[in-house]
Structures are given as C-alpha cells and as structure tokens.
2 protein chains.
Amino acid sequence: MRIGELAAQSGVSVRALRYYEEQGLLEAERSGSGQRRYPASAAERVQLIQMLYAAGLSSRTIAELLPCVESRVSTPESRARLAAERDRIDAQIAALTRTRDRLDAVIVMSGLPASGCMWISDHDITEQAEMAGGLNGSPDAR
Amino acid sequence: MRIGELAAQSGVSVRALRYYEEQGLLEAERSGSGQRRYPASAAERVQLIQMLYAAGLSSRTIAELLPCVESRVSTPESRARLAAERDRIDAQIAALTRTRDRLDAVIVMSGLPASGCMWISDHDITEQAEMAGGLNGSPDAR
DNA sequence: CTTGCCCCTGACGTCAACGTCAGGTTTTAG
DNA sequence: CTAAAACCTGACGTTGACGTCAGGGGCAAG
C-alpha cells in the first residue's frame with residue numbers, strides 16, 4: 001500500500017509517516033521509482049506508535065520498545081524498560097484522575113444549592129446567567 | 001514570601017513563576033524596589049497550575065478556569081468549559097489505561113514460568129493476561 | 001501530449017513552556 | 001562596609017513532532 005493510503009487508513013498525515021521512518025519507527029519497501037510501499041500490517045504498527053506517543057514516550061524510547069510490544073517478545077532488559085514506562089504511565093493516570101476529580105468537584109458543586117457555593121439566588125436562571133457575565137470578577141479577564 | 005522561596009516550596013523554577021505571571025496565571029505584589037511578594041496561598045495556586053498544565057490544558061485555558069477552580073465558584077459558561085476539559089481528561093485516562101494494559105501484558109507474559117521462553121502464542125496471551133490481572137491487581141485509576 | 005494526482009527529498013517554520021545568558025540593582029550575612 | 005546571594009528586565013535558545021513550501025518526477029486518463 002502507498003503512503004497516502006496508509007495515512008488515510010491510520011488517520012495520520014503523510015508527513016508524520018515519513019517522520020516515523022526518519023526516526024526508525026516504521027520501515028518501508030521502495031518501488032522502482034523510489035516510492036514507499038507498506039504491508040497491511042503497517043496500519044496496526046502506526047496505531048501502536050500513536051498510542052505510545054500519546055503516553056508521552058519519546059521517539060527513542062518507542063524505537064527501543066516497539067518491536068517488543070508489537071511482537072510480544074521481551075528480554076529481561078526490555079522488560080525493565082517496559083516496567084519503568086508502565087509505572088510512569090500509572091503515575092500519570094493517577095495525577096490525571098486527581099485533576100479530573102478536582103474539576104468534577106467544581107462542576108458538581110454548582111448543582112448543590114445547599115452547599116452555599118451558588119452566589120446568586122436560583123429563582124431565575126436566565127437573569128442569573130446575565131448577571132454572571134456582567135459581575136463575574138475574574139481579575140485579569142481579557 | 002519572595003519568588004525564590006515560593007519556587008523552592010512549590011518545586012518549580014523561578015523562571016516558571018515569572019512565566020506564569022506573564023501568562024496572567026499568578027499575580028504578585030511588588031515591594032518598593034520592584035521585587036515580587038507572594039502570599040502563602042500562592043503555593044497552592046502554583047500547585048493547581050502545575051496540575052492543569054500536566055493535564056494538557058493551555059495557558060489560555062488555565063487562565064480562564066483557574067479562578068473558578070481555585071474559588072470553587074462556577075458560572076454556567078465556565079461549567080461548560082470545565083465539563084469539556086473533564087471529558088477530555090477522561091478520554092486521556094482511558095487511552096493511557098489501554099496503553100498501560102498493553103505494556104503490562106507484554107511484561108507479565110514473559111514472567112510466567114509455564115511459557116519457559118520469551119514468547120508465547122497469541123492464544124495464550126489473553127488467558128494469561130487475565131490470570132495475571134486477577135492475581136496481582138494492577139494499580140487502577142478510579 | 002498534457003492535465004492532474006500522487007509521490008520524492010530537502011529545508012525552513014511553528015508552538016509552548018520554559019532554560020539560559022547578559023547586564024544591572026537589591027538584600028542579606030559577616 | 002563589602003561580598004555574596006537573590007532579584008530584576010529583556011531577549012535569545014531549546015526541544016519534539018510535526019506543518020508547509022520549493023522544486024522536481026512518474027503515470028494513467030482523455
């Protein structure tokens with residue numbers, strides 16, 4: 001399959017695919033005229049790459065771990081690297097969960113009039129919204 | 001408190017604190033000679049800023065939502081923004097969890113003595129991952 | 001033949017959250 | 001009083017994962 005097709009299929013840009021190759025993450029056969037040809041399995045590999053990028057791994061780390069993750073084969077060394085990254089991701093998940101809960105608390109609280117966090121009486125929602133827009137004292141709202 | 005103390009206390013660099021001020025996230029009083037003075041509450045605010053940055057929010061978004069998150073007061077508009085960000089974070093957590101599980105599967109599998117070697121068939125993968133997941137509960141968000 | 005689409009290789013541009021350096025002033029310790 | 005430490009503004013540098021543009025080639029359809 002050609003690079004444009006792979007891009008469409010995997011949802012990334014053509015530029016990104018060439019970048020992955022440059023980083024040693026994705027190899028391609030070349031046709032006589034020098035055009036890249038990918039096997040069907042490349043789509044899955046690209047998905048993995050995206051997955052690992054999204055988890056904050058660097059190109060270098062992905063290059064090291066990708067064969068291992070794709071083939072499900074690990075050496076003792078790669079296992080240690082994998083575990084380290086998994087722990088990092090776990091920590092990230094924990095932090096994000098705390099942040100999510102913090103936002104949730106603020107959102108949910110506005111639905112509890114008894115808590116005292118509603119600073120405007122709730123008998124007229126529309127008026128409340130207008131007042132909120134005009135009176136909201138965000139110090140450096142631009 | 002002075003900028004160096006706040007930096008030490010909140011674990012960020014002096015440069016970062018000045019950057020936050022530049023972005024309208026953190027205000028400071030000025031002494032006669034122009035040096036920044038922060039109230040004790042600034043440390044908590046910096047923690048919040050870090051928290052939101054780590055969740056992938058931009059400076060502009062943080063500037064909009066920070067007063068609301070810190071004071072726990074929300075307007076209908078800010079509530080919508082907050083909910084949108086919370087949903088984004090939820091999606092991020094879900095994706096990270098899938099990635100973590102993928103790494104975990106590779107790690108756990110090679111540690112199972114029954115396989116006797118570094119790789120095992122696809123058929124065994126899901127079964128063993130289930131077994132391993134049941135045996136040692138991986139740290140789970142939520 | 002030429003039109004249009006896809007492909008190629010450089011190579012420079014971008015954006016965000018700071019790092020770092022220069023050159024000067026203020027505060028603190030002894 | 002003096003020297004070190006901390007602070008100030010301003011401005012340029014860094015990093016990663018691409019975006020974008022320039023300049024050129026190949027190839028099937030009309």
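Small disclaimer: the values here were computed from a predicted structure and weren't measured. First the proteins, then the strands, lettered A, B, ... as listed; each starts at 1.
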J.: Would you indicate, yes or no, if C/dA16 has its OP1 or OP2 atom less than 4.0 angstrom from a side-chain nitrogen or oxygen of B/Ser58?
T.: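 B/Ser58 to C/dA16 OP1/OP2: no side-chain N or O under 4.0 Å.
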J.: Donor-acceptor pair, distance only, cut-off 3.5 Å: does the side chain of A/Ser74 make one with the backbone of A/Ser78?
T.: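 No.
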J.: Hey, what do you get for CG (B/Leu52) to CZ (A/Arg102), rounding to the nearest 0.5 Å?
T.: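 It is 8.5 Å, given to the nearest 0.5 Å.
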J.: Can you see which heavy atom on A/Ser10 is nearest to which on A/Gln47, and at what distance?
T.: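 Heavy-atom minimum between the residues: O-NE2, 3.3 Å.
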J.: At 4.0 Å (heavy atoms only), tell me whether B/Arg18 reaches a base, stays on the sugar-phosphate, or touches nothing.
T.: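 Base, at least one base heavy atom under 4.0 Å.
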J.: Kindly give the heavy-atom pair with the smallest separation between A/Ala55 and A/Arg88, and that separation in Å.
T.: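 Between these two residues, the closest heavy atoms are O-NH2, 3.3 Å.
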J.: Would you mind reading off the distance between A/Glu5 atom CD and C/dC6 atom P, rounded to a whole angstrom?
T.: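 For the pair A/Glu5 CD and C/dC6 P, the rounded distance is 11 Å.
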J.: Quick one: OG1 on A/Thr99 to CZ on B/Arg86, what's the gap to the nearest 0.5 Å?
T.: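 Between A/Thr99 OG1 and B/Arg86 CZ, I get 13.5 Å after rounding to 0.5 Å.
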J.: For chain B and DNA chain D, what are the first and last nucleotides along the strand, 5' to 3', with at least one atom under 4.0 angstrom from a heavy atom of the protein chain?
T.: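 Footprint of chain B along DNA chain D, 5' to 3': D/dA6 to D/dA11.
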J.: Considering only heavy atoms, which members of residues 20-45 of chain A lie under 4.0 Å from some atom of DNA chain D?
T.: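 Only A/Tyr20 qualify.
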J.: Around atom CD of B/Glu5, are there more than 12 heavy atoms from other residues, nucleotides or ligands closer than 6.0 Å?
T.: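 Atom CD in B/Glu5 is crowded, with more than 12 foreign heavy atoms closer than 6.0 Å.
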J.: Salt bridge between A/Arg60 and A/Glu64, side-chain N to carboxylate O under 4.0 Å?
T.: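 A/Glu64 and A/Arg60: salt-bridged.
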J.: Let me know, please, whether A/Arg15 or B/Ile3 comes out on the 5' side of the other along DNA chain D by nearest nucleotide.
T.: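 It is B/Ile3, whose closest nucleotide lies nearer the 5' terminus.
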J.: So, B/Arg81 and B/Glu85, do they make that salt bridge, N to O below 4.0 Å?
T.: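 Answer for the salt bridge query: yes.
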